[in-house]
Chemist: 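Input: one structure, supplied below.
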Amino acid sequence: MKCVAIGDNFITPDMMKIGIESNPFIQFSEIQYFFFGVDSRHKMRNIVKIIETGGFETVELPEGLLDAVEDADVIMCHLCPITETLLKRAKKLKLILCNRGGHENIDVDSCTKRDIAVLLNPSHNANAVAEFTVGLIFNETRNITRSAIAINNGIWREKYPNTETKIHEMCDMTIGLIGFGSVAKLVYEKMKVFNCKFLISDPFCNYDAINKNIAKFVSLDELLQNSDIVSIHARLSRKSILLGENEFKKMKKTAYFINTARSYMVDYDALANALKTGKIMGAAIDVFNEEPIEPNNPLIGIDNCTLTNHRGGDTINSYSDSPATMIKEAQKYFEGDLPKFWLNPSIKRPI
């Protein structure tokens, strides 16, 4: 079998090489490596924006890639577009290993018509995002960033937005998790050691491994009304708002809101108003509709809101470990087992 691996500035060809060579059960007769995009992460984010807004056919592919895929059995990629033009050239292609959770860069319909399996890796940065979420929870409830900024400005600050309502330890708090996929399950596992309680809202999940003495599944309304910290970890199939003015009104006035997931699911104008008018106590936000964030974003300058520039999944582990994971999933596919994140399982497997 031949493999074509297309790395980029985030998951490099060298990372893919290490991951592919880590599995002795899949031996490729030939592997060709390519680099997609540009070396600048800032410029790469602009390319990603084009891809994720439906323009992946307009993005330039690496030189020589179309020739390389003509006899390829497997393609490993991250952000590189897998277009109709490319698929027409890839007559032998059986499997695409995509090192990300989204598939906006892949023409999935064309893959399915050609019986090409598409495997994703939505959990590649799950631990990184979960760790960052935990960090934001403590940062916001304990005023870490606000205190550090004050010290650097020569101010010994004693009063904070949550001073009057008392600053609680985690053992007094209930954490509400909206969505209970890979990231939220890790947040739950990491936070339960602090003896807090959990409310979980996810219509598609009923996780048997939760400790039912400290956690339970509830409706979204019940979660909003009874949680001290609300953290969103959902991904909607269509871009619609899940949390707006009505939802923030349902939350406790002492509650905190955390978003390390998707910005489009939250009405940030409504969130800004809720923060300014005291409808909720605080927020910490890592994702935005426009990145880099625009100067007129309604959340900028609000004292009880911490903003970070999409750092949640940005660890070396979340990128470097992914190719090895995908090769293990490829092994499952070729051995007749069920890969974990198979996007189009209706296709015919190769004999």
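Every heavy atom of this structure was used, including side-chain atoms; hydrogens, water molecules and symmetry mates were not.
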Chemist: Answer yes or no: is there a donor N or O on one side and an acceptor on the other, between the side chain of N273 and the main chain of D269, under 3.5 Å?
Modeler: no

Chemist: Have K279 and T277 got a donor and an acceptor in their side chains that come within less than 3.5 Å?
Modeler: yes

Chemist: Any salt bridge between R311 and D286, counting N to O under 4.0 Å?
Modeler: no

Chemist: Establish whether L307 and I302 are linked, either directly or via other cluster members, by ILVMFWY side-chain heavy-atom contacts under 4.5 Å.
Modeler: yes

Chemist: Looking at CG of L79 and CD of E104, how far apart are the two atoms once the value is rounded to the nearest 0.5 Å?
Modeler: 10.0 Å

Chemist: So, does N139 use its side chain to make a donor-acceptor pair with the main chain of G135 at under 3.5 Å?
Modeler: no

Chemist: Tell me whether the count of non-hydrogen atoms from other residues, nucleotides or ligands lying under 6.0 Å of NZ in K17 goes above 12.
Modeler: no

Chemist: Measuring from E60:CD to C80:SG, what's the distance to the nearest 0.5 Å?
Modeler: 11.0 Å

Chemist: Can you check whether K88's main-chain N or O pairs, donor with acceptor, with K91's side chain at less than 3.5 Å?
Modeler: yes

Chemist: Are K185 and L177 side-chain neighbours, meaning at least one heavy-atom pair lies under 4.5 Å?
Modeler: no

Chemist: Is there a side-chain contact between F56 and I82 in this structure, where contact means two heavy atoms from C-beta onward sitting under 4.5 Å apart?
Modeler: no

Chemist: Can E57 and T85 be said to form a side chain to side chain contact (heavy atoms under 4.5 Å, CB included), step by step?
Modeler: CA-CA 8 Å; E57 281 278 4; T85 301; 4.0 Å; yes

Chemist: Is there a donor-acceptor pair closer than 3.5 Å between any side-chain N or O of Q27 and the backbone N or O of P24?
Modeler: yes

Chemist: Checking S219 side chain against E222 main chain: does a donor-acceptor pair fall under 3.5 Å?
Modeler: yes

Chemist: So do I51 and P81 actually touch side chain to side chain, heavy atoms under 4.5 Å?
Modeler: yes

Chemist: Check the surroundings of atom NZ in K332: do more than 12 heavy atoms from other residues, nucleotides or ligands lie under 6.0 Å from it?
Modeler: yes

Chemist: Angle between ring planes, Y319 versus F10, binned at 30° and 60°: parallel, tilted or perpendicular?
Modeler: tilted

Chemist: Membership question, hydrophobic clusters at under 4.5 Å side-chain separation (ILVMFWY): are Y160 and F257 in the same one?
Modeler: no

Chemist: Side chain to side chain contact (heavy atoms under 4.5 Å, CB included), that's the test. Do I258 and I137 meet it? Break it down for me.
Modeler: CA-CA 7 Å; I258 313 292; I137 288 171; 4.0 Å; yes

Chemist: When you look at CD of E169, are more than 12 heavy atoms from neighbouring residues, nucleotides or ligands closer to it than 6.0 Å?
Modeler: no

Chemist: Which of these, V183, T315, D314, sits in a side chain to side chain contact (heavy atoms under 4.5 Å, CB included) with V129?
Modeler: V183

Chemist: Are there over 12 heavy-atom neighbours, none belonging to R114, within less than 6.0 Å of that residue's CZ?
Modeler: yes

Chemist: Please check if the number of heavy atoms outside K190 that lie under 6.0 Å from its NZ is greater than 12.
Modeler: yes

Chemist: Restricting to non-hydrogen atoms, name the atom on S201 and the atom on L220 that form the minimum distance, rounded to 0.1 Å.
Modeler: OG-N, 3.4 Å

Chemist: What closest approach, in Å, do G313 and S318 show between heavy atoms, and which atom pair accounts for it?
Modeler: O-OG, 2.6 Å

Chemist: For the atom pair CG (N289) and OH (Y264), what is the distance rounded to the nearest 0.5 Å?
Modeler: 10.5 Å

Chemist: State plainly whether one hydrophobic cluster holds both L186 and I316, where clusters connect Ile, Leu, Val, Met, Phe, Trp and Tyr through side-chain heavy atoms under 4.5 angstrom apart.
Modeler: no

Chemist: Would you say the side chain of L97 lies within less than 4.5 Å of the side chain of C3, judging by non-hydrogen atoms?
Modeler: no

Chemist: Any heavy-atom pair between the side chains of L271 and I285 that's under 4.5 Å?
Modeler: yes

Chemist: Could you tell me the separation between the SG atom of C196 and the CE atom of M173, rounded to the nearest 0.5 Å?
Modeler: 9.5 Å

Chemist: Mind listing the closest non-hydrogen atom pair of L95 and I116 along with its distance?
Modeler: N-CG2, 4.0 Å

Chemist: Salt bridge check, K94 against D115: does any charged N sit closer than 4.0 Å to a carboxylate O?
Modeler: no

Chemist: Checking salt bridge (charged side-chain N to carboxylate O under 4.0 Å, His left out) against D303, which of R157, K276, K159 comes through?
Modeler: R157

Chemist: Which atom pair, heavy atoms only, marks the closest approach of F248 to L243?
Modeler: CE1-O, 4.0 Å

Chemist: Give a yes or no on whether a salt bridge exists between D71 and K92, defined as a side-chain N under 4.0 angstrom from a carboxylate O.
Modeler: no

Chemist: What verdict does the side chain to side chain contact (heavy atoms under 4.5 Å, CB included) test give for V69 and F34, after you've listed the backbone C-alpha separation in whole Å, the side-chain angles of each residue and the deciding distance to 0.1 Å?
Modeler: CA-CA 11 Å; V69 301; F34 291 86; over 6 Å; no

Chemist: More than 12 non-hydrogen atoms from neighbouring residues, nucleotides or ligands closer than 6.0 Å to NZ on K2, yes or no?
Modeler: yes

Chemist: Assess whether salt bridge (Lys or Arg N to Asp or Glu O under 4.0 Å) is satisfied between E335 and R349, documenting all intermediate values.
Modeler: CA-CA 10 Å; E335 291 182 350; R349 294 199 201 209; over 6 Å; no

Chemist: If hydrophobic clusters are built by linking Ile, Leu, Val, Met, Phe, Trp and Tyr wherever their side-chain heavy atoms come under 4.5 Å apart, do M15 and Y33 end up in the same one?
Modeler: yes

Chemist: Tell me whether the centres of the aromatic rings in F180 and F198 are closer together than 6.0 Å.
Modeler: no

Chemist: State whether the side chain of N99 and the backbone N or O of M326 hold a donor-acceptor pair below 3.5 Å, judged by distance alone.
Modeler: no

Chemist: Nearest 0.5 Å, what's the CD-OG1 distance between E140 and T145?
Modeler: 8.0 Å

Chemist: Tell me, do T141 and H168 make a side-chain contact under 4.5 Å, heavy atoms counted?
Modeler: no

Chemist: Counting distance only, does the side-chain N/O of D202 pair as donor-acceptor with the main-chain N or O of F204 below 3.5 Å?
Modeler: yes

Chemist: Mark yes or no for whether E84, through its side chain, and S110, through its backbone, hold a donor-acceptor pair below 3.5 Å.
Modeler: no

Chemist: If you round to the nearest 0.5 Å, how far is CZ of F138 from CD1 of I144?
Modeler: 8.5 Å

Chemist: So K192 and I214, do their side chains get closer than 4.5 Å, heavy atoms only?
Modeler: yes

Chemist: Does either side chain, that of N162 or that of Y256, offer a donor lying less than 3.5 Å from an acceptor on the other one?
Modeler: yes

Chemist: Regarding T325 and N121, do their side chains bring together a donor and an acceptor under 3.5 Å, going by distance alone?
Modeler: no

Chemist: Does a side-chain N-to-carboxylate-O contact under 4.0 Å join E290 and K49?
Modeler: yes

Chemist: A quick test of your reading: do over 12 heavy atoms of other residues, nucleotides or ligands sit less than 6.0 Å from NZ of K197?
Modeler: no

Chemist: Could you pull out the closest heavy-atom pair between H78 and D8, with the gap in Å?
Modeler: ND1-OD2, 2.9 Å

Chemist: Quick check: is F28 connected to I18 through a chain of hydrophobic side chains (ILVMFWY, heavy atoms under 4.5 Å apart)?
Modeler: no

Chemist: Report yes if the side chains of E247 and V266 come closer than 4.5 Å at any heavy-atom pair, otherwise no.
Modeler: no

Chemist: Would you call K249 and E245 a salt bridge, using N to O less than 4.0 angstrom?
Modeler: yes

Chemist: Show, in sequence, the C-alpha distance, side-chain angles and deciding distance for F25 and F334, and conclude whether the side chain to side chain contact (heavy atoms under 4.5 Å, CB included) test is met.
Modeler: CA-CA 10 Å; F25 297 100; F334 285 119; over 6 Å; no

Chemist: Can you give me the closest heavy-atom contact between N259 and I232, atom names plus distance?
Modeler: OD1-CG2, 3.1 Å

